[in-house]
Protein chains: 2
Amino acid sequence: MIGSLTTPRPADFADVRATNLAVVLQHVREHAPCSRADIAAATGLNKATVSSLVTDLLERRLLRETGLTENRIGRPATMLVADGAGYAAVGMEVSADHLTAVALDLAGERLLSWRRSFAGGDASPGRAVAAVAGLARRALAKVTGQGRQVLGLSVAVPGLVDAAGTVRVAPSLGWRDVDLAGQLTAALHGTGAAGGDGTGPGRPAVPVRVGNDAHLAATAEHRWGAYAGTPDLAYVTVGTGVGAGIIADGRLLRGALGFTGGLGHLPLDPAGPECGCGRRGCLAAVAGVAGLLRRANPEAFTDGPPSDWEPELQEVLRRARARDRATVAALSEVGGALGHAAAILANLVNPAVVIFGGYVVPLAPWLLPAARQRLAQLALAPDAGGTELAVSTFGHDAAATGGAARILAAVDAGDLPAPVPAPG
Amino acid sequence: MIGSLTTPRPADFADVRATNLAVVLQHVREHAPCSRADIAAATGLNKATVSSLVTDLLERRLLRETGLTENRIGRPATMLVADGAGYAAVGMEVSADHLTAVALDLAGERLLSWRRSFAGGDASPGRAVAAVAGLARRALAKVTGQGRQVLGLSVAVPGLVDAAGTVRVAPSLGWRDVDLAGQLTAALHGTGAAGGDGTGPGRPAVPVRVGNDAHLAATAEHRWGAYAGTPDLAYVTVGTGVGAGIIADGRLLRGALGFTGGLGHLPLDPAGPECGCGRRGCLAAVAGVAGLLRRANPEAFTDGPPSDWEPELQEVLRRARARDRATVAALSEVGGALGHAAAILANLVNPAVVIFGGYVVPLAPWLLPAARQRLAQLALAPDAGGTELAVSTFGHDAAATGGAARILAAVDAGDLPAPVPAPG
């Protein structure tokens, strides 16, 4: 297969119409309220074409007419706004300590955001699937109960996920070769009892996709974050593990099999601490939450690893604010390791910004100065190739939100839901 | 700016025609000889459209009719083949020890391939520009003397090059902020005397582009190499310096400012040897040609660094073939460093193959086994995420060839040369 640049496809009628539907939808989303004439003027499409495209989008409930009209010479024009309230995308995340679920409508409005403790690191894949399916069922029931059609369910996992939705390796969950997409589809649609929950036999199957957590968080940043629309950015999630999602020229970098962004187990220092993966000096061993606490709050490990990181991290934050020297020095060391990782990203993929998410966000004032210094030292390009460091403005639901974003992006790209009869 | 995935452009008439011209051209290139009817059947375009597109491409001298006809029921069909012999692209490379020039016609036929010694590492940028311009002038004169129109001149440099063609840093040349594109354009078109050399005032200016050597070599591999068409591949050039070009989903990974693939100065080991760049343990210090010779042929440095690497490398090859244990061990160590670099690429960008080029090619039998072993140890994904290691089948002109490939790729993507009157 030749890549996209070297095999242009013929622009046939269906392609042109799908492209133009997406163009009109995007224009209205960005410039609403606007009239059919506005769309024609801005896109260069002729008015009859715009009129036909708008009719199609109204039937699909992706646009709606407002009561407003535009005052202009001649006949008043009916104004259009983007709709999409009739459709929803559900995004979830399973991590070593939490399950998260969000739902967004097609306009990007948040319909729900749930987070619950879940000992993912101790659960078998089977128990994890059951827990994810349970939460998914409730989220789907809530959204469909509001009369919305669910376009898809996307689940983020801290590991390498192949194109079929199988989790090949997830070190912090202890998983290998878990067919999460298949098992979840079976749990939701195959054998469950039909009921009022919007799932089960007889209900239209909701497509299930599985993705890497950092990939999906990067997708959320690219769509809605503080650096939204930046064509080249990287998101680095720092939690039990560490991973990166890279947006290159506006698209998620997927690589041959989808295994990109494995920043956490790059060996930064052959003489560094031993990592859970069996290697030495991995970034995850230094900057993952356990590595950070071992340096900044070693007492937390007196009786073995703490079962809940949150209070221990709060204690680190309290000491840093109190300018405790050992704590500040430990955070500076961890920040240096994050800067080393950022330098590898800067040298190899040259993002405009590396956005750190996860537990590092509240600790950023003590981590980022050391990270920036190390980045400047190690990057080859002047001014680190322009690569800035920032922290995410998302909370813990970046990856779940990104899962929903991926479903919505497919609609933007022209994969529109079929026209449906308007509700009675 | 929103990235390409989220901003579809309206498919207007000019776009459709440019796309379809490129589609027809590509179809003929891959399936020649073929008739207009064949093209219509394969592309789904209607016959009248194909006929009009073919006429346009014949006028641009990108297709030509053969005397052949196809035997079928009804009127015999005139067969078409790709032409492009009337156009050429010139690619050059300036490195620490050589200047290279190649020229290819639009069909990919090689018109010339020159290589000469040049002490780039010792030359000032001004002298280097003069030397490049001199060789470029001769290459352009030869190609235009054959009646060909030159579509562009592309120069590969072992360093970071910005979008304007300024070399920001080239460690092995000792350059910083050299406006190579501007200086070369001035040298070729601005002030030179007009003459029979196809350049100088009064001649149409040949557009000059400057790019990173590994980026361009990767482009050549993607277009014509043993792994041509593989959507995700990386090329690692190993010479005086070390750099990578990454093709992701069929496109060159450029990053925010074009500074991608800086593999040579990733610090692999904080305790490693000092590098010319001032850092420690860089890949370039271990696996660059000087680092390799220091390990595998230390006597070469008895009177300071050798002025010519080639005979010293031949000596290493001779000893390796004779199974000299110290040499084999040194090569294995260097191979390990190359495997470490490949693991970083595998973990971060997951290419299907990492292709090594440069001096490592003849030494591959002693380097690659250790590299594969280290890759398997350090990569996170099972089976190194499918990333294979290989050596380039190009000689020393991979980067120069890639420069020409980039110019030809613009034509494939629909940026066709204007129709010209046929030669008299």
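Naming convention: chains lettered A, B, ... in sequence-line order (proteins, then strands); numbering from 1 in each chain. These numbers come from a predicted model, not from an experiment.
Using a 4.5 Å cut-off between heavy atoms, B:Pro351 touches chain A through its backbone atoms (N, CA, C, O) alone. Proximity to chain A is limited to the side chain of B:Leu253, based on heavy atoms less than 4.5 angstrom apart. With a 4.5 angstrom heavy-atom cutoff, B:Ala346 touches chain A only via backbone atoms. B:Val169 touches chain A through its side chain: at least one heavy atom from C-beta onward sits under 4.5 Å away, while N, CA, C and O do not. Looking at B:His340, only its side chain comes within 4.5 Å of chain A, counting heavy atoms on both sides. Contacts between B:Leu233 and chain A at a heavy-atom distance below 4.5 Å are absent for every atom of the residue. Contacts between B:Ala381 and chain A at a heavy-atom distance below 4.5 Å involve backbone atoms as well as side-chain atoms. Heavy-atom distances place the backbone of B:Arg254, and not its side chain, under 4.5 Å from chain A. Heavy atoms of A:Leu25 lying under 4.5 Å from chain B are absent altogether.
Of all the listed residues (B:Leu378, B:Leu345, B:Leu160), the one sharing the greatest number of non-hydrogen pairs under 4.5 Å with chain A is B:Leu378. By number of non-hydrogen pairs under 4.5 angstrom with chain A, the leading residue of B:Leu380, B:Val353, B:Thr387, B:Asp177 is B:Leu380. Interface check for chain B: of the options A:Ala248, A:Gly386, A:Pro267, the most heavy-atom pairs under 4.5 Å are formed by A:Pro267. Of the listed residues (A:Ala352, A:Pro171, A:Gly261), the one with the most heavy-atom contacts under 4.5 Å to chain B is A:Gly261.
Counting all heavy atoms, side chain and backbone alike, A:Pro270 lies closest to B:Pro270 at CD-CD, 4.0 Å.
Within the 4.5 Å cutoff, the side chain of B:Val349 has no heavy atoms near those of the A:Leu348 side chain.
Judged by distance alone, with hydrogens and angles left aside, the side-chain atoms of B:Asn347 form no donor-acceptor pair with the main-chain N or O of A:Leu263 at under 3.5 Å. A donor-acceptor pair under 3.5 Å links the side-chain atoms of A:Arg279 to the main chain of B:Gln377, judged by distance alone. Judged by distance alone, with hydrogens and angles left aside, the side-chain atoms of B:Asn350 form a donor-acceptor pair with the main-chain N or O of A:Gly258 at under 3.5 Å.
Salt bridge present: B:Asp249 and A:Arg251 bring a charged side-chain N and a carboxylate O closer than 4.0 Å.
Atom CZ of A:Phe259 and atom CG of B:Asp232 lie 12.5 Å apart (nearest 0.5 Å).
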